[in-house]
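Some notes on the structure that comes next.
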Amino acid sequence: MTARIRAALERVAADLGAPGAEFVLERPRDAGHGDLATNLAMVLARPLRQNPRQLAERVLAGLGLPADVVARTEIAGPGFINFWLAVDQLDAQLQAILGAGAGYGRHHFGTGKRVNVEFVSANPTGPLHVGHGRGAALGDGIAALLEWSGHEVVREFYINDAGVQIDKLALSLWARVREAAGHPAAVPEGGYHGAYLQEMAQALLDREGASLAGLPEAEGVARCRAHALQAMRVEQDEDLRVFGVRFDVHSSEQALYHAGRVGHGLEVLAAKGLTYESEGALWLRTSEFGDDKDRVLRKQDGSYTYLVPDVAYHIEKFERGFAHAIDVWGADHHGYVPRMRAVLKALGYPDDFFDVKIVQLVKVVRGGEEVRMSKRSGEFVTLRDLFEEVGVDAARYFFLMRRGESGLVFDVDLAKSQTEENPVFYVQMAHARMSGIFRVAGRDPVSVTGAATPEALPAPEDLELLKKLGAFPEVTLRAAEEREPHRITGYLEELARVAHGWYHKCRVLGEPPAVEHGRLLLARAARQVLANGLTLLGCSAPDRM
RNA sequence: GCCCCCGUAGCUCAGCGGAUAGAGCAGCGGUUUCCUAAACCGUUGGUCGCAGGUUCAAUUCCUGCCGGGGGCACCA
């Protein structure tokens with residue numbers, strides 16, 4: 001439908017002497033401006049040197065769209081052309097929703113493209129906290145949006161299992177093991193003080209025996225390192241599994257070294273002439289590609305900086321054949337973005353290969369007071385604490401409600417509340433109500449088929465609901481293009497509001513047969529779209545609450 | 001000092017360069033013989049941080065300020 005009008009507009013633009021004019025044909029925010037509106041006449045005003053409203057008349061005269069497609073048009077405001085679609089197009093829209101079913105809202109612009117979405121990638125040095133949860137929800141949400149647009153998506157978790165932080169973890173656990181066995185010991189400067197390491201130490205002693213604490217330090221630390229890495233992985237994986245996030249690939253920093261990928265990365269950079277030696281260190285010329293300054297790759301002491309394995313990792317992603325590599329990073333890494341961009345640009349990768357989505361901090365509020373978290377002191381809110389308290393659905397939904405770049409206030413009381421004020425509840429309730437109609441009717445929604453005549457949907461609320469349902473594919477398209485799941489939550493809340501209003505105003509069961517049938521179709525469509533949206537966000541769509 | 005993000009209603013936030021800037025909550029006023037009142041309807045409330053610029057058109061793009069947050073390493 002939209003495509004047909006767009007094509008007609010393009011033809012008229014060409015006829016008027018402005019082929020290829022860039023105009024917009026969209027669903028206006030204000031229902032009083034029709035079903036579709038275009039700014040074509042205003043865009044043409046400048047090149048054709050003519051008044052936009054006069055041009056709009058010439059455009060309309062040249063369109064020649066039949067009355068069974070467009071029922072009415074008008075020229076409004078500074079030169080907008082508004083279109084009202086013929087009413088029987090609305091039944092076509094209803095059939096499109098029911099016909100597509102669980103696939104309604106999917107797109108194909110990504111077909112044939114492989115995309116890598118890397119997220120969470122928490123250091124294996126402690127339990128996942130709420131910030132990781134936001135990253136998990138966002139990364140999974142973006143991955144789902146990309147799948148919905150036809151991409152082949154790989155969800156990937158990068159394990160920073162090498163480097164200084166892991167050394168500290170191993171030393172910290174070793175200290176706890178010694179301590180628990182009655183030896184004098186202290187968690188080192190800059191180490192991890194959380195209670196979870198005391199528990200882990202005790203569990204390790206129980207399993208291995210007290211002799212563990214008497215091992216020579218080097219061996220004891222090595223044992224602790226191996227155990228801590230493994231145990232943290234298991235714990236994080238389990239949290240994520242319960243949270244509904246599954247990864248296809250776990251990439252390990254250690255493995256990158258072992259597989260020679262790090263050396264390969266350095267060779268690739270050197271072969272492009274991007275590196276040079278200075279002051280005993282090896283540098284990368286990132287400043288020529290948008291970074292503030294050049295960056296060190298190999299320090300004076302011969303060890304590599306954090307950048308090296310990370311660059312090697314992104315080279316590897318490119319060489320694995322991904323069209324896009326999307327990283328979800330915490331706000332504390334945002335300063336790192338220009339540097340990585342510079343490197344990949346220097347390597348000559350396409351501009352749209354690498355994209356970073358930043359998630360700002362999460363502020364957890366309970367009873368109107370902020371719940372503080374501090375990894376150092378060991379007092380923090382873990383992801384598990386949070387979703388065990390509010391439920392996985394609420395946690396995922398809340399994490400996705402805001403754009404990643406915005407700070408997020410997570411109101412625990414609101415997330416738990418079973419009232420209209422809680423957006424997850426509100427949206428799920430709308431789905432449950434639609435389901436309730438079929439339950440009372442004793443019918444399977446899928447069994448309701450056929451066409452809806454205009455007489456079968458007599459109320460303005462019927463048409464309003466149908467229109468809102470019709471907007472879903474545009475929302476998923478834009479959300480996928482921008483990689484912004486919060487657009488889905490916003491839409492679902494609008495849809496839920498319209499659906500609740502419709503439910504209240506428009507009876508279904510017991511109406512004249514034609515109306516009952518039309519509204520059952522509409523309820524089925526609404527239930528489908530609500531379910532599709534919730535599924536896309538990783539939330540359940542309950543039939544009753 | 002430099003970089004990034006944010007600044008929109010009392011609060012939390014939406015708003016691909018378009019029309020009279022929206023929603024939820026809070027406030028005020030209503031609604032229930034009814035498929036879940038766990039709901040619905042109406043209404044009050046705005047210098048879109050400030051100043052320039054580009055444009056037929058700027059909350060949106062650009063520049064500079066102001067305010068809030070985050071980041072600045074041969075740490076990860």
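In what follows, every chain begins at residue 1, and chains take the letters A, B, ... in the order their sequences are listed.
Regarding contacts with the backbone of B:rC5, every side-chain N or O of A:Lys357 stays at 4.0 angstrom or more from both OP1 and OP2. Side-chain N/O atoms of A:Arg487 include one lying less than 4.0 angstrom from OP1 or OP2 on B:rG15. Contact between the side-chain N/O atoms of A:Lys293 and the OP1/OP2 oxygens of B:rC74 is found at a separation under 4.0 Å. The side chain of A:His500 contributes no N or O atom lying less than 4.0 Å from OP1 or OP2 of B:rA37. In this structure, A:Arg519 does not reach the B:rC35 phosphate: none of its side-chain N or O atoms is under 4.0 Å from OP1 or OP2. Between A:Tyr503 and B:rU36 there is a side-chain polar atom (N or O) within less than 4.0 angstrom of OP1 or OP2. Side-chain nitrogen and oxygen atoms of A:Thr38 include none within less than 4.0 Å of the OP1 or OP2 phosphate oxygen of B:rG18.
Partners of A:Ser287 under the side chain to side chain donor-acceptor pair (under 3.5 Å) rule, at least two apart in sequence or in another chain, are A:Asp294.
Spacing between B:rU55 and B:rC62 at atom P, rounded to whole Å, works out to 16 Å. Between the C1' atoms of B:rG45 and B:rA39, the separation comes to 25 Å (whole Å). Comparing the same atom, C1', in B:rU59 and in B:rA21 gives a spacing of 7 Å after rounding to whole Å. Using atom P as the reference point in both B:rA57 and B:rA19, the two lie 14 Å apart (nearest Å). Straight-line distance between the P atoms of B:rG67 and B:rU54: roughly 28 Å, to the nearest whole Å. Taking atom P in both B:rG46 and B:rC2, the straight-line distance is 37 Å, to the nearest Å. Taking atom C1' in both B:rG24 and B:rA9, one finds a spacing of 12 Å when rounded to whole Å.
In the interface, the side chain of A:Asp167 is not paired with the base of B:rA76 through any donor and acceptor atom under 3.5 Å apart.
The side chain of A:Arg403 approaches B:rC6 more closely than any other nucleotide in the set B:rC75, B:rC6, B:rC13. The A:Arg497 side chain lies nearest to B:rG24 when the options are B:rG24, B:rA39, B:rU36.
Within the 4.0 angstrom heavy-atom criterion, no nucleotide atom of any strand lies near A:Val337.
A:Phe80 and A:His33 have their aromatic ring centers separated by at least 6.0 angstrom.
The aromatic rings of A:Tyr257 and A:Tyr304 sit parallel to each other, their planes meeting at less than 30°, with 60° as the upper class boundary.
Residues A:Phe80 and A:Asp294 each lie close to RNA chain B; by heavy-atom proximity, the contact nearer the 5' end of the strand is made by A:Phe80.
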Shorter than 3.5 Å, N or O on both sides, protein versus nucleotides 1-4 of chain B: list them out with atom names.
unit_1: B:rC4; atom_1: O2; unit_2: A:His334; atom_2: NE2; d: 3.2

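In RNA chain B, runs of at least 3 stacked Watson-Crick or G-U pairs (N1-N3 plus N6-O4 or O6-N4, or N1-O2 plus O6-N3, all under 3.5 Å) give these stems: B:1-7 with B:66-72, B:10-13 with B:22-25, B:27-31 with B:39-43, B:49-53 with B:61-65.
Judged by the 6.0 Å distance and 45° axis criteria, A:Arg6 is positioned over the aromatic ring of A:Phe23.
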